[in-house]
Q: 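First, the structure itself, so that you have it in front of you.
Numbers here simply count residues along the sequence, with the first being 1.
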Amino acid sequence: MKIYPKTNSNLLGVNCLKQYIQKYKGVEIQILTKDDMNRLYSIIKQIKEEIPEIEEITIHPPLIDEYNFEVLTYRNFKNEEELLKLIVKMSEEFGIKINLLYHTSWNYQCWKSSGEIEVLKELLEITENTNVNIILENIHSLVDIKNCSVLQIAKEINNNHLGVCLDICHLHCEANIFKIEFNEFLQNYLNKEDCEKYIYQIHFSGTLNNDGYINKKTHGRKHDTIENFKQDYDILEKYGIENKIIVTEVGEEDYTTRNDQIEEIKMLESL
């Protein structure tokens, strides 16, 4: 099991997470603002200098709709080309694997009809023969989604530099939004064969009070009971993805100490 802690573009709490980053040799960095996206090079350089053991970094762009893949590529495809070229350059210079993660609010049918699949294929050409990947994350939506669109996209393109980030909390949110029994929802939403082949990493956290989307403080938190923790870990085993990279994406009150994230890491390690 590889467990990658999560920090942000200010590297807040990274000293508290350092032993785990050194142990597993990877980290995910949440980029907070547009300005931070413009200083990616200095962020990657800083964390590599502080923790030279790092071999892999996932870059998570800002959590705003205009950073969805379809919005970015529609507005200025050239910018995304240049960003990927910069990431390839950083990967080579610092000797690390770098993954660029995108959200998308569109379903598979929209991707097909709009031509976004061809757009993604074009961007993936930049990653050929490099140590750079593009990752698409499942998000929860108020629109009825019967299948995991990002898995469908990854399966159609079938490129070694394209993977899926499966967010466990988002699975619960989707089931809760439409009031579908959770295991029934999973049966329709996920396919084990596709999960094993196309999922690259997991966002692992708890969803409190059967919510996750109305009260934001219930979204992506430390698991509140060992029973709920085991229930979510069972999803990984059921779909054959327990040995994928697990990113502890835990929201908490004190990001300088990362106490909740550290507890989540320890629960994973106890397995």
Side-chain angles (χ1 to χ4, degrees), residues 1-7 13 16-17 19-21 23-28 30 58 60 135 137-140 145 147-148 150-151 163-255 257-271:
M1 180 191 297
K2 280 187 178 181
I3 304 169
Y4 287 2
K6 185 162 184 174
T7 183
C16 300
L17 298 168
Q19 63 174 308
Y20 302 107
I21 299 172
K23 179 178 181 178
Y24 296 105
K25 304 185 187 306
V27 69
E28 179 168 307
Q30 176 67 60
T58 293
H60 193 309
I135 298 177
E137 179 181 349
N138 66 303
I139 64 168
H140 64 283
I145 299 175
N147 302 102
C148 184
V150 291
L151 269 178
V164 167
C165 174
L166 185 72
D167 189 301
I168 300 300
C169 177
H170 293 172
L171 297 177
H172 285 282
C173 291
E174 196 75 19
N176 292 338
I177 286 169
F178 295 103
K179 299 185 180 350
I180 304 171
E181 194 275 325
F182 188 62
N183 288 321
E184 178 186 342
F185 168 77
L186 287 182
Q187 287 175 6
N188 292 321
Y189 193 75
L190 296 178
N191 171 282
K192 183 176 181 181
E193 183 179 349
D194 292 343
C195 286
E196 290 175 332
K197 185 170 183 180
Y198 299 109
I199 289 177
Y200 186 81
Q201 68 169 41
I202 315 293
H203 275 168
F204 195 81
S205 62
T207 311
L208 307 185
N209 301 332
N210 289 321
D211 184 7
Y213 68 101
I214 297 174
N215 180 352
K216 296 303 180 184
K217 288 192 174 183
T218 66
H219 184 99
R221 309 297 287 197
K222 178 190 73 174
H223 284 89
D224 53 349
T225 67
I226 192 66
E227 290 76 20
N228 288 339
F229 171 85
K230 288 180 176 178
Q231 180 192 44
D232 280 347
Y233 190 80
D234 285 347
I235 298 169
L236 309 189
E237 292 187 325
K238 180 177 181 180
Y239 289 93
I241 51 176
E242 70 274 18
N243 291 320
K244 306 290 185 178
I245 294 163
I246 299 178
V247 177
T248 44
E249 191 183 49
V250 175
E252 51 196 316
E253 302 306 320
D254 187 350
Y255 284 91
T257 63
R258 301 281 179 171
N259 287 332
D260 286 356
Q261 184 176 176
I262 290 169
E263 283 193 43
E264 193 83 356
I265 291 171
K266 287 179 177 178
M267 282 195 285
L268 283 165
E269 288 188 326
S270 72
L271 295 172

Q: Is any side-chain heavy atom of Phe182 less than 4.5 Å from a side-chain heavy atom of Ile235?
A: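 The answer is yes, as the side chains (C-beta and beyond) meet within the 4.5 Å cut-off.
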Q: Using every non-hydrogen atom in the two residues, find where Pro5 and Gly26 come nearest and quote the distance to one decimal.
A: CD-O, 3.5 Å
Q: Apply side-chain contact (heavy atoms from CB on, under 4.5 Å) to residues Leu171 and Leu166 and explain how you reach the verdict.
A: CA-CA 8 Å; Leu171 297 177; Leu166 185 72; 4.1 Å; yes
Q: Nearest heavy-atom pair of Ile139 and His170: which atoms, and what distance?
A: CA-ND1, 3.5 Å
Q: Could you tell me whether the side chain of Lys244 and the main chain of Glu196 form a donor-acceptor pair under 3.5 Å?
A: yes
Q: Provide the closest heavy-atom pair for Gly220 versus Ser205 in the form atom of the first, atom of the second, distance.
A: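 For Gly220 versus Ser205, the nearest heavy atoms are CA-OG, 3.2 Å.
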Q: Among Glu253, Glu263, Glu252, Glu249, which residue satisfies the salt bridge (Lys or Arg N to Asp or Glu O under 4.0 Å) criterion with Lys222?
A: Glu263
Q: Is the ring pair Tyr233/Phe204 parallel, tilted or perpendicular, if the boundaries are 30 and 60 degrees?
A: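 Judged by the thresholds at 30° and 60°, the geometry between Tyr233 and Phe204 is perpendicular.
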Q: Please tell me if the side chains of Ile21 and Thr7 come closer than 4.5 Å, counting only heavy atoms from C-beta onward.
A: no
Q: With rounding to the nearest 0.5 Å, note down the distance linking CG in Asn243 to CE in Met1.
A: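 Going from the CG atom of Asn243 to the CE atom of Met1 covers 7.5 Å.
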Q: For residues Met267 and Ile226, determine if any side-chain heavy atom of one lies less than 4.5 Å from a side-chain heavy atom of the other.
A: yes
Q: Determine, step by step, whether Lys6 and Glu264 satisfy the salt bridge (Lys or Arg N to Asp or Glu O under 4.0 Å) criterion, reporting the C-alpha distance in whole Å, the side-chain angles of both residues, the deciding distance to 0.1 Å, and the verdict.
A: CA-CA 12 Å; Lys6 185 162 184 174; Glu264 193 83 356; over 6 Å; no
Q: May I ask you to check whether over 12 heavy atoms, not counting those of Lys230, lie within 6.0 Å of atom NZ?
A: no
Q: Minimum heavy-atom separation for Tyr255 and Val250, please, with both atom names.
A: CE2-O, 4.2 Å
Q: Sequence neighbours left out, what passes side-chain contact (heavy atoms from CB on, under 4.5 Å) with Asn228? Give chain and number order.
A: His223, Asp224, Thr225, Gln231
Q: Find out whether His203 and Cys169 are in side-chain contact, i.e. whether some heavy atom of one side chain is under 4.5 Å from a heavy atom of the other.
A: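 Not in contact.
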Q: Rounded to the nearest 0.5 Å, how far does CD of Glu269 lie from CD1 of Ile262?
A: 10.5 Å
Q: For residues His219 and Cys173, report the shortest heavy-atom separation together with the two atoms involved.
A: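 The pair with the smallest heavy-atom distance is ND1-SG, 3.6 Å.
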Q: Do Ile202 and Ile241 have side chains that approach each other closer than 4.5 Å (heavy atoms only, starting at C-beta)?
A: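 Yes, side chains in contact.
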Q: If you round to the nearest 0.5 Å, how far is CG of Asn147 from CG of Leu190?
A: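 Rounded to the nearest 0.5 Å, the CG-CG separation comes to 9.5 Å.
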Q: Rounded to the nearest 0.5 Å, what separation is found between the OH atom of Tyr213 and the NE2 atom of His140?
A: 9.0 Å
Q: Can you find a pair of side-chain heavy atoms, one from Thr58 and one from Val247, that are under 4.5 Å apart?
A: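 Counting from C-beta outward, Thr58 and Val247 never come under 4.5 Å.
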Q: Assess the residue pair Tyr198 and Asn191 against the criterion (side-chain contact (heavy atoms from CB on, under 4.5 Å)); give the C-alpha distance rounded to whole Å, side-chain angles, the decisive distance to 0.1 Å, and a yes or no.
A: CA-CA 11 Å; Tyr198 299 109; Asn191 171 282; over 6 Å; no
Q: Could you check Ile199 against Tyr239 for side-chain contact (heavy atoms from CB on, under 4.5 Å), going step by step and ending with a plain yes or no?
A: CA-CA 10 Å; Ile199 289 177; Tyr239 289 93; over 6 Å; no
Q: Quick one: closest heavy-atom pair of Asp211 and Ile214, and the distance?
A: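 Taking Asp211 first and Ile214 second, the nearest heavy atoms are OD1-N, 2.9 Å.
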Q: Using only heavy-atom distances, determine whether the side chains of His172 and Asp232 contain a donor-acceptor pair under 3.5 Å.
A: yes
Q: If you round to the nearest 0.5 Å, how far is CG of Leu17 from NZ of Lys23?
A: 13.5 Å
Q: With heavy-atom distances below 4.5 Å as the criterion, would you say the side chains of Ile168 and Thr207 are in contact?
A: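 Of all side-chain heavy-atom pairs linking Thr207 with Ile168, none is under 4.5 Å.
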Q: What distance do Glu242 atom CD and Asp234 atom CG have between them, rounded to the nearest 0.5 Å?
A: 10.5 Å
Q: Could you tell me if the side chain of Ile246 sits less than 4.5 Å from the side chain of Leu268, heavy atoms only?
A: yes
Q: With a 3.5 Å distance limit and no angle check, can you tell me whether Asp167 reaches the backbone of Asn138 through a side-chain donor-acceptor pair?
A: no
Q: Are there more than 12 heavy atoms of other residues, nucleotides or ligands under 6.0 Å from atom CD of Glu193?
A: no
